[in-house]
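Below is one structure, written out as structure tokens, with a few remarks after it.
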Number of protein chains: 2
Amino acid sequence: MPDFKAIGGTVRQRAASELRDRIITGQLRPGSRLDLDLITEEFGTSRTPIREALIELSHEGLVSIAPRSGITVIGITWEDAVDNFAVLATLAGKAAEWTAARITPDELAELRSVADAITGSADVVTANWRFHRALNRASRSPRLLTFVRHAVRAVPSNYFELFPEQEQRSLAEHAALLDAIGRRDGRAARLIAEEHVLHAGEALGEWLQAREREQLTAP
Amino acid sequence: MPDFKAIGGTVRQRAASELRDRIITGQLRPGSRLDLDLITEEFGTSRTPIREALIELSHEGLVSIAPRSGITVIGITWEDAVDNFAVLATLAGKAAEWTAARITPDELAELRSVADAITGSADVVTANWRFHRALNRASRSPRLLTFVRHAVRAVPSNYFELFPEQEQRSLAEHAALLDAIGRRDGRAARLIAEEHVLHAGEALGEWLQAREREQLTAP
DNA sequence: CCTTGAAATCTGGCATATCAGATATTACAC
DNA sequence: GTGTAATATCTGATATGCCAGATTTCAAGG
């Protein structure tokens, strides 16, 4: 979960982050066309960094760029968002599996303490994020991490602050996961991690679905 | 498996494709620095498209761009390449699961005929690619497809032509997969597809490992 | 000899102008 | 009215040039 609230250094990164969020949150509707010069004007910069930000989003499947023709928002439906979370769950499962196989005793101890730090933390969201980051990193797979990054980017940036009520179940799942990793049971770790993330995805799906109904009712 | 031998239209796409291949195949070694102006000169274009191509590769985790400092090849070790294939296997498994749940009878019939067309085809590689593409598309998940694309891009472009001896096992696995999908057994489809791709990954791993030993022996 | 800091230099980020493919428009023939 | 081809226009792609942050160099001070 990189770039978490980190609004990057370069104009390009900031623009990509901002535009991504507008698409993911539905401010920019699928099918709508984007005017490069208009965005340029809004951001008060030149076209180059905006253009490059949009190229980035096109690789993420959020917009479609037709050479010398136009830029169209593809966006993600709420079904897509749930799919994305399911993919994230699959990736997290694989990460947990590899972590179980590759983690060192020191890292495991560290991971446990990071997990314990979530309880009673003033900033549960960040603490939780740290846990998952440590977990993923322990997989020692830079390749896998790039995929996790992509999946996390497609999650609305404010999502992780939305469901505090999930906290109890989440903590229990963390404990079970750590237990499996401690036993070096990769298969179990994979299943638990996958379910864990999937649960969060289902909650997101319900929220998005409800919001879509609202928007249809009172546009 | 998109962009298969499609060397894109724009300079940026061609450059990205070419540079990616040099990194993946090891022509550009990890740790080596890239000179933007040098590459520009080689491609006979301006810096903009080359720069954008490198930005793309940085998102794929293949190079590291330090703002106003330098561009360094990260590359992928052969362990990374195997990891990448394992990720692809995981994604393919998920795609097969969803395909089993979402495929229409028409699509299934079409998929069977595409599978049959592999046997005795003059171009087995392309026929095989078509099958996997159809399989993935039937999952009806644009999100998942973007991830599959990313994973496929990190596979050496000539890899799929390297191991004809795998053909028999491959065909048997395709049949088993189609059978599972026909039964709408998502769980089985996922397992079979995952194993299927993993087998290919293992072969790649052995090949890369052998090549690395060669290079260490006679550099 | 090591530290420090200022200047030279290197490098990518950004701004701007121009180019070319794609699309829309218009005029004309039928 | 319909089809078509010439043309005007729109839009991203590319070429250049300049700028600022990062790094290196090197000399002065200790």
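Because only heavy atoms are used, hydrogens play no part in the values below, and waters and symmetry mates are left out as well, while side chains stay in. Residue numbers start from 1 in every chain, and the chains themselves are labelled A, B, ... in the order their sequence lines are given, proteins ahead of strands. This one's a predicted model, so the numbers in the text were calculated from it and none came from an experiment.
Looking only at distances, a side-chain donor or acceptor of B/S58 sits under 3.5 Å from a matching main-chain atom of B/I55.
Summarising the geometry, the separation between CD on B/E41 and C1' on C/dT11 is reported as 17 Å, rounded to the nearest angstrom. In this structure, A/R68 atom CZ and D/dT14 atom P are separated by 6 Å, rounded to whole Å. Between the P atom of C/dT11 and the CG atom of B/D35 lies a distance of 6 Å, rounded to the nearest Å. Distance A/F43 CZ to C/dG13 C1': 17 Å, rounded to the nearest Å. Remark: P of C/dT11 and CZ of B/R47 are 11 Å apart, rounded to the nearest angstrom.
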May I have the list of side-chain donor-acceptor pairs in residues 63-77 of chain B shorter than 3.5 Å, sequence neighbours left out?
from  : atom 1 : to    : atom 2 : distance (Å)
B/T77 : OG1    : B/E79 : N      : 3.3
B/T77 : OG1    : B/E79 : OE1    : 3.3
B/T77 : OG1    : B/D80 : N      : 3.0
B/T77 : OG1    : B/D80 : OD2    : 3.3

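Look at B/S69 and you won't find any side-chain N or O under 4.0 angstrom from OP1 or OP2 of D/dA22.
Between B/E194 and B/A89, the shortest heavy-atom distance links the atoms O-CB, 3.5 Å.
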Between the protein and nucleotides 5-9 of chain C, list every N/O to N/O distance that falls short of 3.5 Å.
none

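In this structure, the side chains of A/E56 and A/R20 come closer than 4.5 Å at one or more pairs of heavy atoms.
Mapping A/G44 and B/R33 onto DNA chain C by nearest heavy atom places B/R33 closer to the 5' end of the strand.
Which of C/dC14, D/dT16, D/dA13 sits closest to the side chain of A/P67 comes down to D/dA13. Counting only heavy atoms from C-beta on, A/S46 has its side chain closest to C/dC14 among D/dT14, C/dC14, D/dC18.
Within the 4.0 angstrom heavy-atom criterion, no nucleotide atom of any strand lies near B/I50.
Within residues 51-65 of chain A, no residue has any heavy atom closer than 4.0 Å to DNA chain C.
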Apply side-chain hydrogen bond (donor to acceptor under 3.5 Å, both in side chains) to B/H59 and A/H150, showing your working.
-> CA-CA 9 Å; B/H59 290 133; A/H150 280 298; over 6 Å; no
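Using bins of under 30°, 30° to 60° and over 60° for the plane-to-plane angle, the ring pair A/H132/A/H196 lands in the parallel bin.
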